[in-house]
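Accompanying notes for the structure given below.
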There are 2 protein chains.
Amino acid sequence: MTTMRKISQLVGVSTATVSRALKNPEMVLPETREKVLKAVETLGYRPNILAKNFSSGKTQTVVVIVTDLTNPFFSRIVQGVEEEAQKLGYSVLLGDTNDDINRERVYAEMVLNNKADGLIQLDHLFPFEDKDKEIAKTVPMVSVCDAIDGDYEYPYITIDNFAASRDVAKHLISLGHTKIGAIAGKDDSLVTSDRLGGLQRVLQEHNIPFNDDWFMRGGYTKQCGKESMEALLSMGEYPTAVYCFSDEIAIGAIKAIKDAGLRIPQDISIVGFDNIDICEYIDPPLTTVDQPAVEMGQRAMQILYQLINGDAIQHITEFKPYTLLVRDSTGLAPK
Amino acid sequence: MTTMRKISQLVGVSTATVSRALKNPEMVLPETREKVLKAVETLGYRPNILAKNFSSGKTQTVVVIVTDLTNPFFSRIVQGVEEEAQKLGYSVLLGDTNDDINRERVYAEMVLNNKADGLIQLDHLFPFEDKDKEIAKTVPMVSVCDAIDGDYEYPYITIDNFAASRDVAKHLISLGHTKIGAIAGKDDSLVTSDRLGGLQRVLQEHNIPFNDDWFMRGGYTKQCGKESMEALLSMGEYPTAVYCFSDEIAIGAIKAIKDAGLRIPQDISIVGFDNIDICEYIDPPLTTVDQPAVEMGQRAMQILYQLINGDAIQHITEFKPYTLLVRDSTGLAPK
DNA sequence: TTGTAAGCGTTATCAT
DNA sequence: ATGATAACGCTTACAA
């Protein structure tokens, strides 16, 4: 391996000068710099990042925790994180947890033992062990999409889920729907309660009762969406519109409806959430709420960068713009 | 920060003993070990991985290069890689390239400057710069799905694409199709030529001509699938069956066919490749070739582990089992 | 502008 | 079984 030592010997300067020539060229005579660069070239020197990181105490790496990388909404956020990370000189360690809290902890711990400098959390769980609660308060962490459960101060990048849900509800009501169901993802997260709250508020404003039996919970998956919809259809009376808290859920729900021989939107209207790529391709194209996934990921990384580099952690919640995209999966309520 | 030094002072032993007590308990007296562990507990000591890695010269980290993380087939492979990596004590650095060769190089270089110990490549490109060609031959690298272009010796995990394509072709022919088109992903990779070759061979065996105009190329995306299918439909005569080299392509093709007012499979049969989750949920459910994505990722990581830990690189190609899954997107050829 | 040397926290070698 | 110490490659005061 070619080290700075070798370069310095070849050129006849000290390692300090080599280091400066490479990192702070202006601190060194142009001709010295030239000689160093030439030696670097001929010897094929590469800085040993391991040593550099050790010396500086920084890893220039962040961890991103995600429950399911195959969900395109999450993977787009991760793409945004990574794109921005690269710009800022950071690498991204992947933390796919498959909803396993133990794996969350493994990844979170990386920040505590200097495997990474910061953490981006896409899940709503506090990823550290109880015993690390205190120290965790000082670690640079940002959450995206969903807020971290409990009374913590981490910055949070999201959209206004309450308002988005209001828009969804108004849209459905404008089509004449009064029998509205919903299928949620995570059971008890802020996102879920915001979205449910927005829906309920609008129903209330229109004096439309909310039927608790029509509020299903599961995970953000097609499978859960299908099962929940099947359960709804098996009830004596079922809703004419179902608001799914993710597009994946909606895709599962659509499958269940078609399998039951019903039509969308003539018999049942479906709304999704996230606006993943496939929404435009499915049949019928899905009405959904667009979240700027890439931008959210980028922004999370920017804020994390600030935290890592000295800014104090403060609980800001940053809202990104969302858009209700009306496509063909919603239509007039059946008579 | 709590260091070994502090532990050793508290216990009254040397740092070497602390190190041994933690890593090689059998080299230390049980009572010494006890005291050390207790001090570790009370001081809340955590090993500094940065220092450990620097000292050992290993990062316990691998990079996985992927062109598009939002493609569920790729993200499942990455999940497999990560699951296995965690078992083996490794972390995974994400290298989403968005098809940008410069980003591939950034990620590949991480192995050269000690940011990672090895590399898993899902793309078909040789990710290193020309000037690093020689040194690259010694770096632990494994490719999955697609082989690396050129005359290299890296291990390669895949399925038998030629045979799988033969199965697809036979299936279509058994349904009476003679006008068969295809939409490929990457232009000139081994996977593409294997799949095309398998198709052509079977057609030849059945004395069915292959129409070059019906062989489209683009990327593994829905968008490309849609555009290619639109182009096919705009031809005077178009195929009655189209073999798409990925499910994403197939989803785009299906959209184009429906938009044109045609039915699947009555007017045109569609076959996909990969068997991503959504295949069962789309309308009609997609006939496709299942690739064991998670297993392929796991296996790639296992082999990479062996390379990193001393096994010599040898050009093995390991084939995983595939399955043709016949669903409803393929049917009898129209009269 | 450049050199010297300490320091980062762990592991490993060689004594004891 | 344990201690002393060197070593890993780079950065950075501090000196010259």
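Keep in mind that what you see is a predicted model, and the values were worked out from it rather than measured.
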Does B:Val62 reach the side chain of B:Val111, with side-chain heavy atoms less than 4.5 Å apart?
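Side chain of B:Val62 against side chain of B:Val111, heavy atoms only: no contact under 4.5 Å found.
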Go nucleotide by nucleotide along DNA chain D from the 5' end; which of B:Phe54 and B:Arg33 gets its closest nucleotide reached first?
B:Arg33
Starting at the 5' end of DNA chain D, which residue's closest nucleotide do you reach first, B:Ala51 or B:Met27?
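Between the two, 5'-proximity favours B:Met27.
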Anything under 30° is parallel, anything over 60° is perpendicular, the rest tilted; go ahead and classify A:Tyr305 against A:Tyr90.
perpendicular
Mind telling me whether B:Tyr220 and B:Phe74 have parallel, tilted or perpendicular rings, with 30° and 60° as the class edges?
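Plane angle over 60°, so perpendicular.
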Taking any heavy-atom pair under 4.0 Å as a contact, classify A:Val13: base, sugar-phosphate, or nothing.
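The answer is sugar-phosphate, as A:Val13 gets under 4.0 Å only of primed atoms, P, OP1 or OP2.
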Mind checking B:Thr3 for me? I need base, sugar-phosphate or nothing, with any heavy atom below 4.0 Å counting as a touch.
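Sugar-phosphate contact only - B:Thr3 comes under 4.0 Å of backbone atoms but never of a base.
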Would you sort out whether B:Thr61 and A:Leu93 count as a side chain to side chain contact (heavy atoms under 4.5 Å, CB included), showing the intermediate values?
CA-CA 9 Å; B:Thr61 300; A:Leu93 274 171; 4.3 Å; yes
For the aromatic rings, using the six-membered ring if either is Trp, is the centroid distance between A:Tyr154 and A:Tyr156 under 6.0 Å?
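No, they do not, as the ring centres are separated by 6.0 Å or more.
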Checking B:Asp117 against B:Thr59: is there a side-chain donor and acceptor pair closer than 3.5 Å?
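Distance-only check passes for B:Thr59 and B:Asp117.
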Comparing B:Arg20 and B:Asn48 on DNA chain C - which has the more 5′ nearest nucleotide:
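Closer to the 5' end of DNA chain C: B:Asn48.
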Any Lys/Arg nitrogen of B:Asp132 or A:Arg46 sitting under 4.0 Å from an Asp/Glu carboxylate oxygen of the other?
yes
Along DNA chain C, first and last positions that approach a heavy atom of chain B under 4.0 Å
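Listing 5' to 3', DNA chain C meets chain B from C:dG9 to C:dT13.
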Boundaries of the chain B footprint along DNA chain D (any atom under 4.0 Å from a heavy atom):
D:dA1 to D:dG9
Checking A:Gln79 against B:Asp68 for the side chain to side chain contact (heavy atoms under 4.5 Å, CB included) test, could you report, in this order, the C-alpha distance in whole Å, the side-chain angles of both residues, the deciding distance, and whether it holds?
CA-CA 9 Å; A:Gln79 284 183 328; B:Asp68 178 14; 3.3 Å; yes
